[in-house]
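Take a look at the structure set out below.
Every number for a ligand or one of its atoms is a count from 1 in the order of the listing.
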Amino acid sequence: MRIVVTGGAGFIGSQVADAYVALGHEVLVVDNLSTGSKSNLNPKASFLEGDVRSEAVAKAVEAFKPDALNLHAAQIDVRKSVVEPRFDADTNIGGTLNLVEAGRRGGALKRVVYAASGGSMYGDTSVLPTPETEPAAPVSPYGVSKFTGELYLSCYRAMHGLHYVALRYANVFGPRQNVHGEAGVVAIFSERLLRGDGCTIYGDGGQTRDFVFVGDVVQANVKALTSDYCGGVNIGTGVETDVNRIFALLTKYAGVDKPPAYGPQRAGEQRKSVLANGKAKQVLGWAPRYDVEKGIAETMAWYQSHR
Ligand SMILES: NC(=O)c1ccc[n+]([C@@H]2O[C@H](COP(=O)([O-])OP(=O)(O)OC[C@H]3O[C@@H](n4cnc5c(N)ncnc54)[C@H](O)[C@@H]3O)[C@@H](O)[C@H]2O)c1
């Protein structure tokens with residue numbers, strides 16, 4: 001297949017591009033390198049440096065005549081989305097539409113795999129683990145823009161029969177996660193522990209998330225490329241892990257014995273978040289292979305060897 005991977009210089013998208021290249025697909029990576037890095041690019045993929053909102057990228061994607069789009073480029077910073085909701089919407093909604101329209105003009109587009117966000121789309125629900133049947137109730141502009149991308153794909157399916165799978169990720173962690181900006185707690189703490197710096201946990205550390213390893217997320221992207229299922233599906237572990245346990249595992253694998261500092265709880269932070277993953281097993285034949293400890297061991301080893 002000829003596949004455009006947007007965000008293919010980033011944490012998740014670059015590893016999806018690697019997997020697609022390894023499967024023999026012809027991959028065009030589109031990325032503006034705003035948070036991604038050239039060092040993540042697969043040398044066997046073509047690379048177009050550009051913005052998913054631009055006319056230049058649209059023309060190049062049309063000319064590439066993709067069979068499939070894998071959409072990972074996004075403005076991913078929740079706090080930035082609060083301060084600059086229009087920029088967030090332009091990138092996440094406008095960029096998605098620009099790519100889908102360009103792909104359609106190419107004439108060969110059959111399917112889209114979309115990086116959606118299960119963590120942000122269900123909002124502060126008390127239904128845990130949260131299944132796909134729970135209504136969308138995002139509480140940030142980022143949650144709205146990511147879910148809107150999925151809604152547009154559902155609309156394109158109805159209008160044009162375009163097949164799509166929206167993978168609603170939980171909290172993804174693993175090698176290549178950027179330690180700057182709105183990075184995950186695993187990336188930030190790993191970097192700080194290895195530098196010998198202290199770590200601050202905001203609140204009592206009892207807040208939970210569903211930490212899913214990037215290698216498992218890549219496998220979901222591989223399955224979504226050939227799946228008959230069309231629609232949204234959660235990609236998580238179904239297991240809640242609190243931040244105190246994450247910190248303890250990170251110190252264990254970093255070989256550091258240093259307690260965290262505790263700071264004031266962040267306003268509006270969700271206390272608990274975990275996604276039900278039964279549907280992914282059923283419709284994609286996907287289940288995570290990594291538990292959080294195995295994933296953290298591998299992640300810490302990667303940060304240690306890439307310092
Ligand atoms: N990391 C998570 O836990 C998580 C959870 C849910 C959903 N997601 C989604 O997964 C996708 C990838 O996230 P990630 O964690 O790998 O982040 P990332 O920042 O590493 O990847 C995003 C990539 O998109 C590129 N990009 C950003 N804006 C662009 C633009 N306007 N034009 C072209 N390229 C642009 C960046 O340079 C970067 O390489 C995003 O769509 C994000 O919303 C991530």
Side-chain angles (χ1 to χ4, degrees), residues 4-18 28-42 45 47-58 60-61 69-78 80-81 84 87-99 102 112-122 138 140-150 166-188 209-214 216-218 220-221 224 232-237 273 275 295 299:
V4 172
V5 179
T6 72
F11 160 47
I12 304 171
S14 67
Q15 300 185 66
V16 171
D18 288 348
L28 169 65
V29 166
V30 174
D31 200 298
N32 69 355
L33 302 177
S34 55
T35 55
S37 162
K38 273 190 180 164
S39 62
N40 290 335
L41 290 170
N42 187 298
F47 174 54
L48 174 65
E49 184 174 343
D51 196 300
V52 288
R53 296 168 294 170
S54 73
E55 192 54 37
V57 161
V61 168
L69 300 174
N70 181 291
L71 303 180
H72 273 79
Q75 188 302 110
I76 67 158
D77 187 330
V78 175
K80 183 166 182 176
S81 82
E84 293 182 59
F87 172 73
D88 176 84
D90 282 350
T91 306
N92 295 358
I93 303 172
T96 297
L97 283 173
N98 196 31
L99 265 285
V112 179
V113 179
Y114 176 73
S117 171
S120 68
M121 77 170 276
Y122 301 114
S140 68
Y142 168 79
V144 172
S145 67
K146 291 301 292 185
F147 181 57
T148 304
E150 191 177 330
L167 300 169
R168 299 176 182 169
Y169 302 154
N171 280 61
V172 188
F173 74 99
R176 295 190 195 168
Q177 188 163 25
N178 198 323
V179 297
H180 306 294
E182 176 82 353
V185 65
V186 173
I188 294 170
R209 294 293 179 267
D210 180 342
F211 291 93
V212 61
F213 186 64
V214 67
D216 284 326
V217 168
V218 168
N221 278 270
V233 58
N234 291 343
I235 299 298
T237 65
S273 176
L275 301 179
T299 304

Exercise. Looking only at atom types and distance, does a side-chain atom of Asn98 sit under 3.5 Å from a main-chain N or O of Ser54, one as donor and one as acceptor?
Worked result: yes
Exercise. With a 3.5 Å cut-off and no angle check, do the side chains of Ser145 and Asp88 form a donor-acceptor pair?
Worked result: yes
For this session: Just jot down the ring-ring contact (aromatic ring centres under 6.0 Å, His included) partners of Tyr169, sequence neighbours excluded, or say none.
Result: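 For Tyr169, the residues satisfying ring-ring contact (aromatic ring centres under 6.0 Å, His included) (neighbours in sequence not counted) are His72.
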Exercise. Looking at residues at least two apart in the chain, or sitting in another chain, which of them share a ring-ring contact (aromatic ring centres under 6.0 Å, His included) with Phe11?
Worked result: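 If we apply the ring-ring contact (aromatic ring centres under 6.0 Å, His included) test to Phe11, skipping adjacent residues, there are no hits.
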Problem set entry | Distance-minimising heavy-atom pair for Ala9 and Asn40 |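 That closest heavy-atom pairing would be O-ND2, 2.9 Å.
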Exercise. Using a threshold of 4.0 angstrom between heavy atoms of the protein and any atom of ligand 1, which residues qualify?
Worked result: Gly7, Ala9, Gly10, Phe11, Ile12, Asp31, Asn32, Leu33, Ser34, Thr35, Gly36, Gly50, Asp51, Val52, His72, Ala73, Ala74, Ile76, Thr91, Ala115, Ala116, Ser117, Tyr142, Lys146, Tyr169, Ala170, Asn171, Val172
Seminar exercise, completed: Sorted by chain and number, sequence neighbours left out, salt bridge (charged side-chain N to carboxylate O under 4.0 Å, His left out) with Asp51 holds for Arg53
